[in-house]
> 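Got a structure for you, written out below as C-alpha cells; questions coming shortly.
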Amino acid sequence: MSSRRTASLITLGCARNEVDSEELAARLEAAGWQLGDDDPDVVVVNTCGFIDSAKKDSIDTLLAAADSGAKVVAAGCMAERYGDQLADALPEAAAVISFDDYTDIGTRLDDVLQGRPLVPHSPRDRRTLLPISPVERAAAPRTGIPGHGELPEGVAPASGPRPLRKRLGDGPVASLKLASGCDRRCTFCAIPAFRGAYVSRGAEELLGEAAWLAEQGVKELVLVSENSTSYGKDLGDLRALEKLLPSIAAIEGIERVRVSYLQPAELRPGLLEIIASTEGVAPYFDLSFQHASGPVLRRMRRFGDPRRFLDLLESIRAHAPEAGVRSNFIVGFPGETEEEFGELMGFLEEARLDVIGVFGYSDEDGTEAASLPGKLDQEIVDARVSALTELAEELMAQRAEERIGTEVDVLIEEDLGDGGYEGRAAHQGPEVDGSVTVQGIGLVPGQIVRAVVVDSEGVDLIARIKAAP
C-alpha cells in the first residue's frame with residue numbers, strides 16, 4: 001500500500017456530528033492517514049438522518065462526492081440508522097459504516113482503499129444493547145469497552161492529557177459534547193433508537209477537553225448533547241451540570257460557555273439560576289418546547305402547556321432580563337386541531353422568543369407518531385407552517401428591535417472588511433440565532449467587545465463599540 005493515504009471529511013447536521021468528525025479526524029491521523037480536501041483517496045461523509053430534508057441532503061452529498069472519483073464512505077446518523085438498506089440503495093458508496101466502526105476508522109478506510117468489501121450492519125435499536133455497570137460506564141469513554149453500545153457514537157477522548165480530537169476549523173468557537181444518546185421517548189423522534197441510551201461523560205474528562213480547546217484558541221464553548229438537562233442522571237447526580245458549568249467557565253482562556261438543548265420540563269430552578277447568573281456562562285436558553293398545546297404535547301409524550309412555559313420564561317427573565325431564548329416547534333402533528341394550532345400561535349405572541357424554528361410534521365420510520373391516527377393533509381400542514389413562519393419572522397424582528405439601545409458583549413468571529421466585523425452576543429448561539437455587525441478598527445476574531453445596539457435587520461443586530469468612560 002502506498003504511504004500516501006488521504007481522507008476528506010464532510011460533516012452534515014448538528015454540532016454533535018461536528019465533534020464526531022473531529023474525533024474521527026484524530027483517529028485517522030493516529031492511524032497514519034493524512035487529512036485533506038485536495039484529491040483525497042477516500043471521502044467520509046458524516047451524514048444526518050433526522051428529518052427528510054436532512055436525509056436528502058446526505059444522499060445528494062454522497063452522490064456528489066462519488067462523482068469526484070474518490071471512494072466514498074457513508075458514516076454518521078443516516079448510515080447508522082439505515083445500514084444495509086442504505087448500502088443497497090446507494091451502490092455509489094464504497095462502504096456504509098456504523099458507529100461501532102469509528103474506533104477502527106483507519107483500518108476501515110484501509111479496507112476500502114484496497115477494495116476489501118465491508119459488510120454493512122443491519123439497523124438495530126441501540127437502546128437494547130448490553131448494559132454495563134456504573135464503574136464500567138465511567139471508564140468506557142477512555143477505554144472503549146468492546147461489545148458495549150452505551151457509547152453509540154463509537155468515539156471518545158483517549159486516556160491521557162490530550163483528547164483524541166483534531167480541530168477541523170480555527171474559529172474561536174467550538175462544541176464540547178456532554179453526553180451521547182437520549183432516554184426520552186418523544187413519539188416523533190427516532191434519535192434514541194440509533195444513538196442509544198443517554199450516557200454522560202465524566203466531569204474530569206470534560207474539563208480536560210475544555211482546557212485543551214482553550215489552548216487551541218477557543219474562546220467560546222458550546223455544550224451539546226441530545227438533552228443537556230439529563231447530564232449526570234446516569235451517574236447518579238442530578239446537579240452534575242450545575243456543578244460543571246462554573247468549573248468550565250473558570251478555565252483560563254475560555255471567555256464564554258453556552259449550553260444547548262435544554263428540556264423545559266427538566267430545567268430545574270438551580271440549573272436555571274446557574275445559567276442565568278454565573279460569570280462566564282451565557283444567559284442563553286435553548287428550550288425544546290416543540291409545541292405549546294397541552295394535548296398535542298401529551299401526544300408527543302412531552303410535558304407542558306402555555307401557562308407553564310410562560311411561567312418558566314418569566315422566571316428566566318427575572319434572573320436575567322436580557323437572556324436569549326430560542327426554540328423549535330413542530331406544526332401539523334397528528335390530531336392537531338385548529339384550536340390547538342391557535343394556542344401555539346397565541347403562546348408565541350406572548351413568549352417574546354429571540355429565535356423560533358418552525359418544522360412541518362412528517363412521519364419518521366420506526367416512531368410511534370408514524371402510526372398515530374389523525375394525520376393531517378399535507379396542504380393543511382404546509383399552510384400552518386407558512387402561517388407560523390410568517391408570524392415567527394415578525395415576532396423575531398420585534399424582539400431584535402427591543403434590544404436596540406441595550407449593551408451587548410460581542411464575540412468577534414469574522415473581519416468583513418471596510419471596518420466591519422461580524423460576531424455574536426451572549427443571547428445568540430452560533431449559526432442558528434443571527435449575528436451582530438460591529439463597526440470598529442483593529443478588532444480580531446476571538447476578541448470580545450462591549451457594544452451598543454443601534455439598529456436591527458430581522459434577527460440580526462447592528463452595534464457600535466461603546467466609548468471608553
> Show me the donor-acceptor pairs within less than 3.5 Å that the side chains of residues 325-332 make with the rest of the protein, sequence neighbours left out.
from	atom 1	to	atom 2	distance (Å)
Arg326	NE	Asp433	OD1	2.6
Ser327	OG	Leu287	O	2.4
Ser327	OG	Phe289	N	3.0

> Give the minimum heavy-atom separation between Arg27 and Thr103, together with the two atoms involved.
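Distance-wise, the nearest heavy atoms are NH1-O, 3.8 Å.
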> Among residues at least two apart in sequence or on other chains, which ones pass side-chain contact (heavy atoms from CB on, under 4.5 Å) with Pro445?
none
> Hey, is CD on Glu431 packed in by over 12 heavy atoms from elsewhere, all under 6.0 Å?
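Not more than 12 within 6.0 Å, no.
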> Salt bridge check, Arg352 against Glu314: does any charged N sit closer than 4.0 Å to a carboxylate O?
no
> List the residues meeting side-chain contact (heavy atoms from CB on, under 4.5 Å) with Asp60, not counting sequence neighbours, and say none if there are none.
Lys56
> What residues, two or more places apart in sequence or in another chain, satisfy side-chain contact (heavy atoms from CB on, under 4.5 Å) together with Glu457?
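Checked Glu457 against side-chain contact (heavy atoms from CB on, under 4.5 Å); matches are Ile462.
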> Is there a side-chain contact between Ile404 and Asp455 (heavy atoms, below 4.5 Å)?
yes
> Give a yes or no answer on whether the side chain of Gln428 reaches the backbone of Ser435 with a donor-acceptor pair at less than 3.5 Å.
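Side chain of Gln428 to backbone of Ser435: a pair is present.
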> Got a donor-acceptor contact below 3.5 angstrom from the Arg464 side chain to the Val454 backbone?
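The answer is no, because no donor-acceptor pair under 3.5 Å joins these two groups.
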> With side chain to side chain contact (heavy atoms under 4.5 Å, CB included) as the test, would you mind laying out the steps for Arg258 and Arg424 before giving the verdict?
CA-CA 12 Å; Arg258 184 183 306 277; Arg424 287 176 300 102; 3.4 Å; yes
> Please say whether more than 12 non-hydrogen atoms of neighbouring residues, nucleotides or ligands are located less than 6.0 Å from CG in Asp311.
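Yes - once you tally the heavy atoms of other residues, nucleotides and ligands closer than 6.0 Å, there are more than 12.
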> Can you check whether Glu22 reaches Lys177 side chain to side chain, under 4.5 Å on heavy atoms?
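No - every pair of side-chain heavy atoms lies 4.5 Å or more apart.
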> Is there a donor-acceptor pair closer than 3.5 Å between any side-chain N or O of Asp382 and the backbone N or O of Glu379?
no
> Sequence neighbours excluded, which residues qualify as ring-ring contact (aromatic ring centres under 6.0 Å, His included) partners of Tyr361?
Phe333
> Could I get the full list of side-chain contact (heavy atoms from CB on, under 4.5 Å) partners for Arg450, not counting sequence neighbours?
Glu407, Asp409, Lys466
> Under 6.0 Å from the CZ atom of Arg308, do we count more than 12 heavy atoms belonging to anything else shown?
no
